[in-house]
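The next block holds one structure in the form of structure tokens; read it before the comments.
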Amino acid sequence: SPTPTLTPTPTPRPTGKAIEKMPDGTTLLTDYDGAYQVTFPEDWTILNLDKETLNEVLDSIPEQGQDVSKLVETAKNADVNKMLRVFGFNFEAQQGAYTPNITVGYDTNPLLSVISVKDLMDATSAYLTSAGINVSDPKIKETSSGIQIGMLEANWTVTVAGGQKINLHQEQIFFKSG
């Protein structure tokens with residue numbers, strides 16, 4: 001009698017994201033949906049925006065990070081989990097109400113897929129400038145594998161409760177993934 005031939009089933013590609021602590025103390029974000037990885041510095045608190053783990057993470061935020069808790073709760077309630085992938089905070093360097101942070105966003109808007117990194121940076125720069133924010137000269141570099149990475153820096157001053165002025169510095173990095 002003939003022996004049946006089994007057809008192997010391909011292993012599905014992972015989806016979502018994985019966050020793991022590395023031996024050197026850094027934290028590695030692997031975003032399977034966007035096909036990229038980001039390494040966060042070692043003293044940073046990384047908040048995964050998956051609904052399953054968010055409440056546990058919110059409970060672990062230090063007392064001085066209550067404003068951060070409010071920000072994350074807002075993000076959670078807005079269900080932006082598909083666009084905002086993680087927040088990273090450096091509570092060690094907090095100055096008053098401001099905590100240095102890294103936000104990783106992954107935008108799947110089909111309109112963004114057809115514009116260049118330069119055009120996206122130009123539009124972002126124009127928007128920030130129209131809001132009175134000082135934007136430095138945007139730069140586009142290329143990785144060794146030929147991927148364009150746009151870099152934009154912005155500086156402005158905000159006045160917080162009590163009249164205290166805080167100088168803010170923002171660096172944005174743009175790249176196309178997938």
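Since we're looking at a predicted model, the values are computed, not measured.
Residue-environment remark: NZ (Lys118) stays at or below the threshold of 12 foreign heavy atoms within 6.0 Å.
Side chain of Arg13 to backbone of Tyr32: a donor-acceptor contact under 3.5 angstrom is found. Side-chain N or O atoms of Asn90 include none that pairs as donor or acceptor with a backbone N or O of Trp44 at under 3.5 Å. In terms of modelled atom types and a separation under 3.5 Å, the side chain of Asp122 and the main chain of Leu120 share no donor-acceptor contact.
Residue Tyr106 holds its OH atom at 7.5 Å from OH of Tyr36, rounded to the nearest 0.5 Å. Between atom OG1 of residue Thr103 and atom CZ of residue Phe87 there is a gap of 5.0 Å, rounded to the nearest 0.5 Å. The line from CG of Leu28 to OG1 of Thr39 is 5.0 Å long, rounded to the nearest 0.5 Å. Put simply, OG1 on Thr143 and CD on Gln148 are 9.5 Å apart, with the number rounded to the nearest 0.5 Å. Taking CD from Glu171 and CG from Asn155, the interatomic distance works out to 9.0 Å, rounded to the nearest 0.5 Å. The CZ atom of Arg85 sits 14.5 Å away from the CG atom of Leu47 when rounded to the nearest 0.5 Å.
Cluster annotation: Tyr127 is connected to Ile115 through the hydrophobic network of ILVMFWY side chains, with a link wherever side-chain heavy atoms come within less than 4.5 Å. Under the 4.5 Å side-chain contact rule for hydrophobic residues, Phe174 and Leu111 do not share a cluster. Note on Met22 and Val86: separate hydrophobic clusters, where clusters join Ile, Leu, Val, Met, Phe, Trp and Tyr whose side-chain heavy atoms are under 4.5 Å apart, directly or indirectly. The cluster map of Ile, Leu, Val, Met, Phe, Trp and Tyr, joined by side-chain heavy atoms under 4.5 Å apart, puts Leu168 and Ile133 in the same cluster.
For the residue pair Leu29 and Val104, the shortest heavy atom distance occurs at CD2-CG1, 4.1 Å. Closest non-hydrogen pair, Val135 versus Thr129, comes out as CG2-OG1, 3.7 Å. The two residues Met151 and Met121 make their nearest non-hydrogen contact at O-CE, 3.3 Å. Ile102 and Pro41 make their closest contact through CD1-CD, 4.2 Å (heavy atoms, listed as atom of the first residue, atom of the second, distance). For the residue pair Lys176 and Ile147, the shortest heavy atom distance occurs at O-CG2, 4.4 Å. Across all non-hydrogen atoms, the minimal contact from Leu128 to Ala154 is CD1-CB, 4.3 Å.
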- Check against side-chain contact (heavy atoms from CB on, under 4.5 Å), Ile173 and Ile149: CA-CA 7 Å; Ile173 298 172; Ile149 296 181; 3.4 Å; yes

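In this structure the side chain of Ser125 reaches within 4.5 angstrom of the side chain of Leu152, judged on heavy atoms. Here the side chains of Thr45 and Phe91 are in contact, with some heavy-atom distance below 4.5 Å. No side-chain heavy atom of His169 sits less than 4.5 Å from a side-chain heavy atom of Trp156.
A donor and an acceptor atom, one from each side chain of Gln94 and Glu92, are nowhere located under 3.5 Å apart. With 3.5 Å as the limit, one finds a donor-acceptor pair spanning the side chains of Thr157 and Asn167. Side-chain atoms of Thr26 and Glu42 form no donor-acceptor pair, as typed in the model, at a separation below 3.5 Å.
Electrostatic pairing of Lys17 and Asp31 does not count as a salt bridge here, judged by no charged N lying under 4.0 Å from a carboxylate O.
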